[in-house]
Structures are given as structure tokens and as C-alpha cells.
Amino acid sequence: MLETYKNEIPAWILNDDSFLFHGSSNISESELDKGIATNFSFVTQEMVDKVLSIYDKMAWYGLHGGGYAVLCSFSNTDIHPEKGKLFFLGETIQRCKLYASEDFAGGELIRSLFYGIRDLQLYIVDAQIRNDHEAQVERDRIYSHKTNQYNLADLIKEVTLLNQTFQDIVKLRDSYKYGIIFCYKIEETDYNLLQNRRGMGIAIKQSLPTQNLRAKLIFEKDFLASFPGPMQDKLRTERLLIWYKRVPML
């Protein structure tokens with residue numbers, strides 16, 4: 001039986017440096033409860049590439065920092081062609097708090113696509129955003145050599161094709177009820193299954209044994225909001241050093 005705690009962090013987990021953690025929510029709960037440490041999503045590489053191609057042809061960076069900027073750097077590079085989005089673990093509970101929050105419902109890839117598509121929709125209906133963009137393109141052209149390859153009518157057609165994807169993402173995000181931190185006990189024999197990706201956390205190269213999942217911590221929205229974040233994490237430096245020694249860095 002999986003140990004489950006609500007708005008509580010038991011000392012036996014907090015004080016054991018052999019645990020790694022994964023932030024998620026009720027959206028992925030049923031699958032992760034089984035001990036399956038993989039991410040599967042309806043988001044395909046083709047969807048991601050389509051959104052990125054629009055931004056690239058526009059020579060635009062979007063409005064929200066969690067949209068295009070994340071999609072073209074982190075989210076887009078962590079999609080495994082066969083296993084879906086890479087599954088990441090954090091060295092401390094507080095490091096994973098963000099990924100259990102409502103804004104990250106469905107995961108970072110879902111979030112970056114949500115903001116990426118939403119920014120394009122705002123661009124279409126807001127003339128000031130378009131004017132600011134054109135001024136930015138003209139200002140940057142001397143060294144970027146990029147121009148906006150879309151007129152508004154063509155852009156509307158392209159973004160309209162993303163409507164169903166956006167609606168699916170909104171529906172998924174709206175189903176968030178509470179955050180969860182899943183707690184995995186890592187044995188020395190498991191180290192070869194892991195890959196330390198520096199600031200991004202520890203990625204799983206292949207699934208962990210299902211028995212590694214020992215507990216889950218359920219956090220309601222209000223509790224999660226009041227829970228100290230990574231900057232107040234007293235264990236962060238210590239645990240980072242411990243896991244740097246245990247798992248080779250990429």
C-alpha cells in the first residue's frame with residue numbers, strides 16, 4: 001500500500017537522502033500511483049515543431065516567459081521519440097513544489113504550449129502587440145537579418161489550426177484539483193538508470209522498478225501556496241552535492 005500524506009511532510013522521508021522526488025498533480029495521479037516513472041502526453045513533437053516554426057517565421061519571442069522561450073529551450077529538447085517527455089526527479093521536496101502547482105498542471109511541456117499558443121492568439125487580436133513586434137523586428141534586423149514572414153491573414157490561418165490543441169490543453173489544465181509530490185527511494189543499484197542534468201534535475205534513462213515509489217504527498221492549493229519554495233530550501237545545497245557524487249552529470 002502506497003504511503004499517502006495530506007498537507008504533511010513526514011520526517012522519515014525528509015531526513016532520508018536516498019529519496020528523489022517528482023512534482024505532479026491529480027491529472028497524472030492514477031498512472032504514477034502504479035510506480036510508473038514515465039511521462040506520456042497527447043502532445044506530439046509535430047505540435048511543438050509547428051508552434052516553434054510560427055514564432056521563428058515571425059521573428060518573435062512571445063509575451064510570457066513560460067511560453068516560446070521555454071518551449072524552444074527546455075521543453076522541446078526533452079521529448080523522447082518513443083517514451084514521450086523525459087521524466088525528471090528533484091533532490092528535495094521544495095525543488096519539486098513548482099511542478100505540483102496549478103500553473104504547471106499537466107507538466108512543463110503543456111504549460112509552455114499553453115502560453116505559446118495563447119500569446120499568438122493575443123497577437124492576432126491586439127494591434128499594439130503587433131506594432132511593438134514590428135518595431136522590434138525592424139530594430140533587430142541589422143544584426144539578426146530576420147523579417148516577419150507572415151501577414152495577419154496568413155497568421156490567423158496558421159493559429160486557427162492550433163485551436164483544438166489549445167482547447168485540449170485548457171481542458172486538461174482546468175482539471176487540476178491538487179498537487180502531489182511522489183517520493184522515490186533510490187538504491188545504489190538504481191544509479192545507472194539515472195542521468196544528472198545539472199540545473200534541470202535528474203532524468204530517468206529508463207523506468208525505475210515500481211517498488212521504488214514509497215510515498216506520495218498530497219498538497220491542497222492553499223497549503224502549496226504557503227509552502228516555502230526553492231529559495232528557502234535549506235537542504236538544497238547539501239542534497240545537490242550528494243547526488244552529484246552519486247550520479248554522473250550529463
Side-chain angles (χ1 to χ4, degrees), residues 2-3 5 8-25 28 31-32 35-41 65-66 69-101 103-104 106-112 179-217 219 224 227-250:
L2 183 62
E3 295 276 0
Y5 299 84
E8 177 187 359
I9 303 174
W12 67 272
I13 293 176
L14 187 64
N15 297 326
D16 187 341
D17 65 22
S18 66
F19 273 96
L20 290 174
F21 309 94
H22 180 77
S24 188
S25 69
S28 304
E31 286 299 312
L32 293 178
I36 300 173
T38 53
N39 277 328
F40 295 96
S41 173
V70 174
L71 193 62
C72 71
S73 54
F74 300 114
S75 296
N76 184 43
T77 58
D78 294 330
I79 301 177
H80 191 285
E82 297 176 357
K83 300 178 182 179
K85 185 80 166 57
L86 290 180
F87 194 90
F88 280 92
L89 300 173
E91 299 87 353
T92 68
I93 292 172
Q94 284 174 258
R95 178 170 187 174
C96 298
K97 170 194 171 182
L98 182 65
Y99 301 99
S101 67
D103 193 31
F104 277 79
E108 185 177 51
L109 178 59
I110 288 290
R111 178 178 181 267
S112 58
I180 305 176
I181 301 292
F182 288 88
C183 310
Y184 297 86
K185 178 80 169 178
I186 307 298
E187 307 293 348
E188 187 173 352
T189 53
D190 301 320
Y191 293 170
N192 66 313
L193 304 177
L194 308 176
Q195 184 180 75
N196 199 320
R197 294 171 69 90
R198 298 177 182 269
M200 295 176 65
I202 295 175
I204 296 177
K205 294 188 290 186
Q206 61 188 77
S207 292
L208 293 169
T210 56
Q211 65 266 24
N212 286 51
L213 178 59
R214 300 295 177 83
K216 67 176 179 179
L217 315 179
F219 297 140
L224 196 62
F227 186 66
M231 298 306 293
Q232 294 78 43
D233 189 353
K234 296 180 180 179
L235 288 175
R236 183 178 183 183
T237 301
E238 174 190 325
R239 296 291 170 85
L240 281 173
L241 292 174
I242 288 173
W243 284 101
Y244 279 162
K245 294 178 182 178
R246 293 173 177 170
V247 180
M249 288 188 290
L250 178 67

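Since the model is a prediction, treat every value here as computed from it, not as a measurement.
Interatomic distance, Arg239 CZ to Lys234 NZ, rounded to the nearest 0.5 Å: 14.0 Å. Interatomic distance, CG of Leu213 versus CG of Leu208, reported as 9.5 Å (0.5 Å rounding). Going from atom CG of Leu20 over to atom CD1 of Ile93 covers 11.0 Å, rounded to the nearest 0.5 Å. Note: Arg214 CZ to Phe19 CZ = 6.0 Å, rounded to the nearest 0.5 Å. Rounding to the nearest 0.5 Å gives a distance of 11.0 Å between CD1 of Ile9 and CG of Asn15. Summarising the geometry, atom CD belonging to Glu108 is positioned 11.0 Å from atom CG belonging to Asp103; distances are rounded to the nearest 0.5 Å.
Closest approach of Ser24 to Leu32, counting heavy atoms only: OG-CD1, 3.6 Å. The shortest non-hydrogen separation linking Ala215 to Leu2 is N-CD1, 3.4 Å. In plain terms, the two heavy atoms of Gly65 and Val70 that are nearest each other are O-CG2, 3.5 Å.
Contact check on Arg246 versus Asp17 returns a salt bridge, with a Lys/Arg side-chain nitrogen under 4.0 Å from an Asp/Glu carboxylate oxygen. Classification of Asp233 and Arg95 as a salt-bridged pair fails, no side-chain N sitting under 4.0 Å from a carboxylate O.
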Checklist line | Residue pair Ile181, Phe219: steps toward the side chain to side chain contact (heavy atoms under 4.5 Å, CB included) verdict | finding: CA-CA 8 Å; Ile181 301 292; Phe219 297 140; 3.4 Å; yes
Note to self: Could you walk me through whether Phe21 and Gln94 satisfy the side chain to side chain contact (heavy atoms under 4.5 Å, CB included) test, starting with their C-alpha distance in whole Å, then the side-chain angles of each, then the deciding distance to 0.1 Å, before giving a yes or no?
What the structure shows: CA-CA 9 Å; Phe21 309 94; Gln94 284 174 258; over 6 Å; no
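Looking at residues two or more places apart in sequence or on another chain, you find a side chain to side chain donor-acceptor pair (under 3.5 Å) between Asp16 and Ser18, Lys185. Tyr99 pairs by the ring pair (Phe, Tyr, Trp, His ring centres under 6.0 Å) definition with Phe104, not counting sequence neighbours.
When atom types are taken as modelled, the side chain of Ser112 and the backbone of Leu109 share a donor-acceptor pair closer than 3.5 angstrom. Lys97 places a side-chain N or O within 3.5 Å of a backbone atom of Leu224 that can act as its donor or acceptor partner.
At least one side-chain heavy atom of Leu14 sits under 4.5 Å from a side-chain heavy atom of Leu235. The closest side-chain heavy-atom distance from Ile180 to Ser28 is not below 4.5 Å. Considering only heavy atoms from C-beta on, Lys205 stays 4.5 Å or farther from Leu193 through its side chain. Using a 4.5 Å cut-off on side-chain heavy atoms (C-beta onward), Ile186 and Ile202 make no contact.
Ring planes of Tyr191 and Trp243: perpendicular class, angle over 60° (limits at 30 and 60°). Ring pair Tyr184/Phe182 is tilted by interplanar angle, where 30° to 60° counts as tilted.
Between Phe87 and His22, the ring center distance clears the sub-6.0 Å criterion.
Within a 6.0 Å sphere centred on CD of Glu8, heavy atoms belonging to other residues, nucleotides or ligands number more than 12.
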